[in-house]
Chemist: 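Here it is: the structure, laid out below.
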Amino acid sequence: MRLGLLVYFLRKALGNIRTNPFLSMVTLSTIAISMLILGLFSLIYLNVQQSLHQMGGELQITAYLQETVSSEQAKVLRSKVADWPEVEGITYISKEQALARFRSQLREYAGILEGLKENPLPASLELTLMAQYGRSGNIKELSTRLGRLPGVAEVQYGRKWMAKLRVFVEVMKLVGITVGGLLLIATIFVISNTIKLTFYSRREELEIMRLVGATDFFIKAPFLIEGLLHGLGGALLAAGGLSLLTLFLFSHLDLPLRLAMMAGSLPTGQLVAGFLGLGLLLGVLGSMVSLRRFLRP
Amino acid sequence: MRLGLLVYFLRKALGNIRTNPFLSMVTLSTIAISMLILGLFSLIYLNVQQSLHQMGGELQITAYLQETVSSEQAKVLRSKVADWPEVEGITYISKEQALARFRSQLREYAGILEGLKENPLPASLELTLMAQYGRSGNIKELSTRLGRLPGVAEVQYGRKWMAKLRVFVEVMKLVGITVGGLLLIATIFVISNTIKLTFYSRREELEIMRLVGATDFFIKAPFLIEGLLHGLGGALLAAGGLSLLTLFLFSHLDLPLRLAMMAGSLPTGQLVAGFLGLGLLLGVLGSMVSLRRFLRP
Amino acid sequence: MIQLYHVYKAYGGDQYALHDVTLTADKGDFLFITGPSGAGKTTLLKLIFCAEPATRGQLLVDGVNLQRLKRSGIPYLRRKIGVVFQDFKLLGERTVFANVGLTLEVTGRPRAYIEKKVRQVLRLVGLDAKENHLCCRLSGGEQQRVAIARAVAANPIIVLADEPTGNLDDEITLEILELFREINRRGTTVVLATHNRELIRKVPGAKVGMLRQGRLVAAGVAKQVMAQRSALEMSSQGVL
Amino acid sequence: MIQLYHVYKAYGGDQYALHDVTLTADKGDFLFITGPSGAGKTTLLKLIFCAEPATRGQLLVDGVNLQRLKRSGIPYLRRKIGVVFQDFKLLGERTVFANVGLTLEVTGRPRAYIEKKVRQVLRLVGLDAKENHLCCRLSGGEQQRVAIARAVAANPIIVLADEPTGNLDDEITLEILELFREINRRGTTVVLATHNRELIRKVPGAKVGMLRQGRLVAAGVAKQVMAQRSALEMSSQGVL
Ligand SMILES: Nc1ncnc2c1ncn2[C@@H]1O[C@H](COP(=O)(O)OP(=O)(O)OP(=O)(O)O)[C@@H](O)[C@H]1O
Ligand SMILES: Nc1ncnc2c1ncn2[C@@H]1O[C@H](COP(=O)(O)OP(=O)(O)OP(=O)(O)O)[C@@H](O)[C@H]1O
Ligand SMILES: [Mg+2]
Ligand SMILES: [Mg+2]
């Protein structure tokens, strides 16, 4: 396409926007608000997933070692298990460390320790799993494998609340993907509906263009550029709104919530770029599809 | 308003819908999809809140009793504390019960118990709180109050993960309310935009009506009824879609997830009625506001 | 019935579409408004049925002072006036019947009456066979006749017709003129804006107001004005 | 240039808007299409510039067989044809300049050329002063002239004008007719659909096709057809 033609189409598109400020405003704001909701949801979803991941990451498998295993042998075992693909982290807890932890963590049972002459707690290896292996089937299989290793006395996993949390994480994931997917579809649908309506109210103009001998390409091009501008503008507005909104929410949170959110992701340059891309796509594709409807013979 | 006139307006409205099936379809589907998203979100929010509530309900305060407190005295204490408004449930755990629980729950530390001659664990009262008193400020205050009671040796609450969960619940609440509120605003905005566009493309018709001597009321009434029908239809579609969707999701869930969801609420007659009401309101109010714009002199 | 006193109309700018127009049409009058393209004929009609407010001057229609008429009163004034718009202003996606019936519906006439009346006026304009056609599918002349039928359907006391025969052949034009004369004879005031001199010649007893660039350059009985005008043209041609 | 062989056109139903029409206009011809309202004049023009497909028969325009023309070829055919639509089909929210320039823009003419050419044709129709007005704010006659200007701006080899003077006074009508005759003299084929017999009488050498209920009831040179027609009318009046 010649540059002159491009400039011509761009000028036409701007002309269209100026001629129909109402239609432009509606399209722009619909795209903006739809994308704002979508963006807000994604951001929240990412944050929640991240916090859940952190909590879920604590789902540990503990392999208690036999009394006979020396700390050197334990370390060999550790490096062996660390190579398993499911394993995210692995820590060796010696008998002494176990006792110290018991003392600090289970203070209400501290009385128990008073009558002891020797340390009854075993050494252990504590494994955290990669998130994608966190399903209960995998964990069972893994713990069986762990139990078969020489030197491992017993394998433990999944306390009651952790299992519940796991279910909850699953539900959240499902919820997130369902709502997110539907939201995306709804956004595309609403935007395309809006664009269709704006073309509907301009169908006479489209018809007249055709009657005076304009090719379909010539008619479409300015409208596609218009759609592109609307999409870009809407995405920019949404990105701006999203940033403001998160900043506002952020500054109104209690400290712990704020820290929890810090762990997640705030809107970044990358996210904004992706947003603009999506807006652009929505604007152009929406216009393309809608135009076809009104350029049919 | 005379009944004849109402029938006339209704027939006009149906005529409008038949004349402009495209516009009706767009309005109807936009209302339906917007409300579907809104409904789905509300449903999920309710469910998640309920599950969180159940998990959060486990946030306990444990008051360890002095060795000198007899079980009768403990029971007096229990019934006293049970009357406090913040307290949802209260359980007396005797020394023996505590030991048994330790054995079963903390099996990895079972070795500790081997060398004991007498039970070092204290008796305790375990309190669960009403959800609305679950904020950390209240808990602190409550535990101070508990600690001052005669016979109470020590008060413990909020293990690490519980605190985290609590933060998470707060975040979820905030997220839910934010997203939900924005979703509602967006829905209203999108629906009103759509209705505005349909009137925009019919502005000539509105103008002609005025030119032949129709009063504003006479012009508006059929359009309002049309909006009402669209709103009602959209809400019905959304309610139907929502029911199908939840049924579908439900039948594709793992058992634990299904149970988790069972705990929450599925769409009920009440919810559907509320939905229809909201749809009706959106349709009529949206039309009313949009019409005003195009009936200005 | 219609009185204009020193009426001015400017659309935004400082150019007047109507400039100091004083004109009267009494009950039962047949008034032609004529003049070249852009003279202000349509503007004059628009003022009469409150589609535009006058910039200055006094307008009285059926005793109502339009400058003082409230917005809520406009529909009731318009029901007394049947208008044939120059661009027809039909609802293209509605049937001929629905379009013609519109003026009757807005006044709340019963359905049976509407059906009878609509069929009757459609017969008058020769479109009884097209009752159920969509207006956008009619020929130009057919649309114009629908517009005429709509204007007269509600038995208005004033009919304003803006170039109502521009798309009609001579034969139908005469029939339509006869239609206007007939309702005029029954007491309706008819104001007809046209370029067609033939039309004016056919109603020698009518009043004529001739506009040129917004000013009333001639007014009086048709016969006289047309004669005067011919003389004027001849003299102006002689000058050029 | 334009050839129709046994052309039929039905809009959906079984009634023909055109019924077995055979008609030719050679390069440089001036062809009037006349006939009463609803006779099929507009339909005939619509077939020529591919706004509607013929139901049956052969159409050739500038050597192109329209029955075989692909959708993608239609715009290029239309660029050779300037059309004055009966209902103008202007972009109301655009300026006069933008409307007239449209036909030049779609063929990719440079901006400077467009400006020059648009001003020139606007001068021809007497609207040079209204260049920057929005079309919806023009009077009926002014709009019609914009439509005429748009049709001739791109120097088409065929001009189709559908009742192009229905909203114009006698003086401007003559000027417009002169405009069409001028471009006709330069070799453009002009097809003019009209009710106005005066117009036809003014171009005695033109061809005339007379339609009635979709059938071509008379065709030939204007002078002869009009004479024949008068005779016909007299005899039919005598019969009635
Ligand atoms: N809405 C408007 N805004 C601005 N100017 C207008 C508007 N309507 C009409 N005009 C201008 O006012 C003048 C008179 O217009 P009007 O429509 O009254 O003419 P007319 O006598 O009806 O002409 P015609 O015979 O061509 O219909 C014209 O110059 C026109 O351009
Ligand atoms: N799109 C359409 N759908 C159905 N019928 C149509 C359509 N367009 C025209 N007709 C019918 O075809 C017949 C011829 O219409 P056409 O517009 O060709 O007439 P015309 O000669 O141009 O008349 P006029 O002088 O009134 O403009 C008319 O009876 C009309 O009702
Ligand atoms: Mg006019
Ligand atoms: Mg026609």
Side-chain angles (χ1 to χ4, degrees), chain B residues 1-28 195 197-226 229-230 287-288 291-297, chain C residues 45-46 48-53 69-95 97-112 114 134-136 146-147 149-160 162:
Chain B
M1 188 158 47
R2 281 185 295 118
L3 186 71
L5 207 55
L6 196 68
V7 170
Y8 169 78
F9 286 143
L10 191 65
R11 204 162 41 198
K12 271 296 258 201
L14 289 173
N16 279 349
I17 292 175
R18 223 174 316 121
T19 319
N20 285 302
F22 170 71
L23 295 183
S24 277
M25 203 198 63
V26 169
T27 313
L28 197 78
I195 294 176
L197 279 179
T198 67
F199 283 128
Y200 179 78
S201 61
R202 289 162 84 173
R203 61 197 183 285
E204 217 189 323
E205 183 179 342
L206 294 171
E207 180 59 20
I208 290 173
M209 295 282 288
R210 296 181 69 196
L211 285 177
V212 300
T215 56
D216 281 0
F217 167 73
F218 190 89
I219 300 173
K220 274 181 192 168
F223 284 109
L224 294 188
I225 292 180
E226 204 183 321
L229 292 177
H230 286 150
S287 299
M288 214 136 103
L291 266 175
R292 187 141 27 145
R293 190 181 198 288
F294 293 106
L295 283 181
R296 266 186 301 211
Chain C
L45 299 187
K46 276 185 180 168
I48 294 172
F49 69 97
C50 288
E52 292 278 354
L69 187 61
K70 267 184 266 157
R71 196 176 125 69
S72 59
I74 292 177
Y76 301 98
L77 178 81
R78 285 187 180 156
R79 290 178 193 184
K80 299 178 193 164
I81 307 178
V83 186
V84 184
F85 298 91
Q86 194 169 9
D87 55 355
F88 315 154
K89 292 205 191 297
L90 299 174
L91 300 171
E93 299 297 322
R94 306 296 168 99
T95 62
F97 184 95
N99 270 279
V100 176
L102 199 62
T103 44
L104 295 165
E105 281 184 3
V106 300
T107 56
R109 295 306 187 101
R111 194 150 180 80
I114 293 178
L134 294 186
C135 276
C136 62
V146 174
R150 184 179 66 184
V152 303
N155 297 329
I157 59 173
I158 298 172
V159 169
L160 309 177
D162 198 354

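Chain A is the first sequence line, chain B the second, and so forth, proteins listed ahead of strands; every chain is numbered from 1. Owing to the predicted nature of the structure, the values given are computational and were not obtained by experimental measurement.
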Chemist: Answer yes when C/E105 and C/R94 have at least one side-chain N-carboxylate O distance shorter than 4.0 Å, and no when they do not.
Modeler: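 Between C/R94 and C/E105 there is no salt bridge, as every charged N stays at least 4.0 Å from the carboxylate O atoms.
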Chemist: Please state whether the rings of B/F294 and B/F199 are parallel, tilted or perpendicular, taking 30° and 60° as the class boundaries.
Modeler: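 Taking B/F199 first and then B/F294, their aromatic rings sit tilted (interplane angle of 30° to 60°).
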Chemist: If only atom types and distance count, is the side chain of C/R79 paired as donor or acceptor with the main-chain N or O of B/G213 below 3.5 Å?
Modeler: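 Yes; judged by distance alone, with no hydrogens or angles, the pair exists.
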Chemist: Is there a donor-acceptor contact under 3.5 Å from the side chain of C/R78 to the main chain of B/A214?
Modeler: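 Checking the backbone N and O of B/A214 against the side chain of C/R78, no donor-acceptor pair under 3.5 Å is found.
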Chemist: Output the option from B/V212, B/L211, B/N20 having the highest count of non-hydrogen pairs under 4.5 Å with chain C.
Modeler: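 Most pairs with chain C among the choices: B/L211.
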Chemist: At a 4.5 Å cut-off on heavy atoms, which part of B/R18 comes close to chain C: side chain, backbone, both, or neither?
Modeler: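 B/R18 has no heavy atom closer than 4.5 Å to chain C.
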Chemist: Below 4.5 Å from any heavy atom of chain B, which atoms of C/I81 appear? Answer side chain, backbone, both or neither.
Modeler: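 Contact with chain B involves no heavy atom of C/I81 at all.
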